[in-house]
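What follows is a short report on a single structure.
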Amino acid sequence: MEMTMIGWLHQLGTLEFWKALLEGFGDLGPIAPVILAMVESFFPPLPLIAIVALNVAAHGGLLGFVYSWAGVMLGGTVMFLLWRRVVKRFFWKFARRSAKLQKAEQWVSRFDTASLFMLSVLPFTPSSFMHFAFGISDFDEKRYLVTMLLGKGVMVAMMALFGQSLVSAMKNPFYLVLAIAIWAGMYFASKHFCKKHEID
C-alpha cells in the first residue's frame with residue numbers, strides 16, 4: 001500500500017502524467033471547459049485565471065479562449081438576469097430596505113459605460129458583486145450585457161495569453177517570466193481600480 005502511494009506521488013510529479021491529464025480533459029470536448037468557466041460566476045472562490053489556463057493548455061490558445069469566454073459570458077448573463085428579472089422584479093419591494101443593497105445601488109450610479117468596461121476587463125475585480133450590483137440597479141440592461149460581453153472578451157484574452165505563456169514555458173523558461181509579468185500586471189491594475197472605485 002505504501003509503495004503504491006509512493007509510486008502514485010512519483011507519477012504525479014512527472015510531465016507525462018500532466019500531459020495525459022490535459023489530453024483526457026481535452027477529449028471531453030467543449031462542454032466541460034465552458035461549464036467550468038461558467039461555474040466561476042456562481043462560485044467566486046474558483047480562480048478563473050487558472051480555469052482559463054487549463055482550458056488553453058487542453059484545447060489550444062484559440063479554442064481555450066472561445067470556450068472560456070463562452071462560459072464566462074453565460075455565467076455572468078445568468079447571474080445578472082437572475083438579480084434583474086427575478087429578485088428586482090418580484091422581491092425588491094422587500095429587499096430594498098437593506099442598507100447594503102441601497103449602498104450597492106448608489107455605487108452603480110457612479111459608473112458610465114467606459115468605467116463598466118474597465119471593471120469587466122480587469123480579472124481580479126469581483127465579478128459576482130458586479131452582476132449583483134448592476135442587476136438590482138436601473139442601469140440599462142442591454143448596455144450592461146453588451147459592455148460586459150466586450151470587456152470579458154478582453155479579460156479572457158489576457159488570461160488566455162497567460163495560459164499560453166505557461167504552456168510555452170515547458171519548452172522555454174523565458175515564457176514563465178512573461179506569464180508572471182502578465183499575471184502581476186493584471187493583478188496590480190485590478191487592485192488599483194478596485195481601490196479607486198471603493199470595491200472591497
Side-chain angles (χ1 to χ4, degrees), residues 29-56 58-59 61-92 95 100-101 103-163 182-183 186-187 189-191 193-194 196-200:
I31 296 177
V34 169
I35 289 177
L36 194 58
M38 185 178 177
V39 166
E40 187 272 340
S41 297
F42 304 100
F43 191 63
L46 285 177
L48 182 60
I49 194 166
I51 292 170
V52 176
L54 173 64
N55 288 346
V56 166
H59 297 277
L62 181 60
L63 284 179
F65 161 73
V66 171
Y67 295 156
S68 300
W69 188 18
V72 167
M73 276 309 303
L74 284 170
T77 301
V78 167
M79 287 304 295
F80 171 77
L81 293 179
L82 178 69
W83 287 107
R84 174 61 59 94
R85 298 197 179 179
V86 178
V87 175
K88 186 174 176 65
R89 181 174 295 179
F90 298 108
F91 303 104
W92 190 239
K100 288 184 178 180
L101 296 184
K103 188 177 179 181
E105 241 190 330
Q106 292 166 2
W107 175 79
V108 169
S109 65
R110 73 180 71 176
F111 280 86
D112 55 14
T113 304
S115 299
L116 172 59
F117 178 78
M118 284 303 300
L119 184 65
S120 301
V121 165
L122 297 171
F124 294 97
T125 53
S127 294
S128 56
F129 176 74
M130 180 179 82
H131 302 318
F132 153 70
F134 281 88
I136 63 170
S137 75
D138 293 322
F139 197 91
D140 183 72
E141 183 175 296
K142 184 177 179 181
R143 184 154 57 107
Y144 176 83
L145 292 173
V146 170
T147 305
M148 185 182 66
L149 170 72
L150 298 174
K152 292 299 182 185
V154 175
M155 180 196 74
V156 173
M158 290 191 298
M159 290 183 173
L161 181 61
F162 168 81
I182 293 169
W183 182 89
M186 290 188 294
Y187 178 80
S190 299
K191 289 301 178 185
F193 188 85
C194 287
K196 180 180 178 181
H197 289 277
E198 300 177 10
I199 306 172
D200 294 329

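Quick note: residue numbers are just sequence positions, from 1.
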Which heavy atom of A160 sits nearest a heavy atom of F65, and at what distance? CB-CB, 4.1 Å
Side chains of S128 and E40 in contact at under 4.5 Å (non-hydrogen atoms): no
Going by the rule side-chain hydrogen bond (donor to acceptor under 3.5 Å, both in side chains), which residues pair with Y67 if we only count those two or more places apart in sequence or in a different chain? none
V87 side chain near F132 side chain, heavy-atom distance below 4.5 Å: no
Rounded distance (nearest 0.5 Å) linking atom OG of S68 with atom CE of M159: 9.0 Å
Would you find a donor on one side and an acceptor on the other, under 3.5 Å apart, between the side chain of R85 and the backbone of F80? no
Do the side chains of S120 and M130 get nearer than 4.5 Å, heavy atoms only? yes
Reported CD1-to-CE distance for the pair I31 and M38, which is rounded to 0.5 angstrom: 12.5 Å
Just distance, no hydrogens or angles: give the donor-acceptor pairs under 3.5 Å from side chains in residues 69-77, sequence neighbours left out.
| unit_1 | atom_1 | unit_2 | atom_2 | d |
| --- | --- | --- | --- | --- |
| W69 | NE1 | L149 | O | 3.1 |
| T77 | OG1 | M73 | O | 2.7 |

At what distance, to the nearest 0.5 angstrom, does CG of L119 lie from NZ of K152? 7.0 Å
Who pairs with D138 by side-chain hydrogen bond (donor to acceptor under 3.5 Å, both in side chains), at least two apart in sequence or on another chain? K88
Given F134, which partner from the list W83, F111, F129 fulfils the ring pair (Phe, Tyr, Trp, His ring centres under 6.0 Å) test? F111
Minimal non-hydrogen separation, F117 against L150, with atom names: CE1-C, 3.8 Å
Just verifying a value: how many Å separate L36 CG and L48 CG, rounded to the nearest 0.5 Å? 9.0 Å
Gap separating the CG atom of L81 from the CG atom of L145, nearest 0.5 angstrom: 5.5 Å
Rounded to the nearest 0.5 Å, what separation is found between the CD1 atom of I51 and the CD1 atom of I35? 12.0 Å
Which heavy atom in H59 sits nearest to a heavy atom in P33, and how many Å separate them? NE2-CG, 3.6 Å
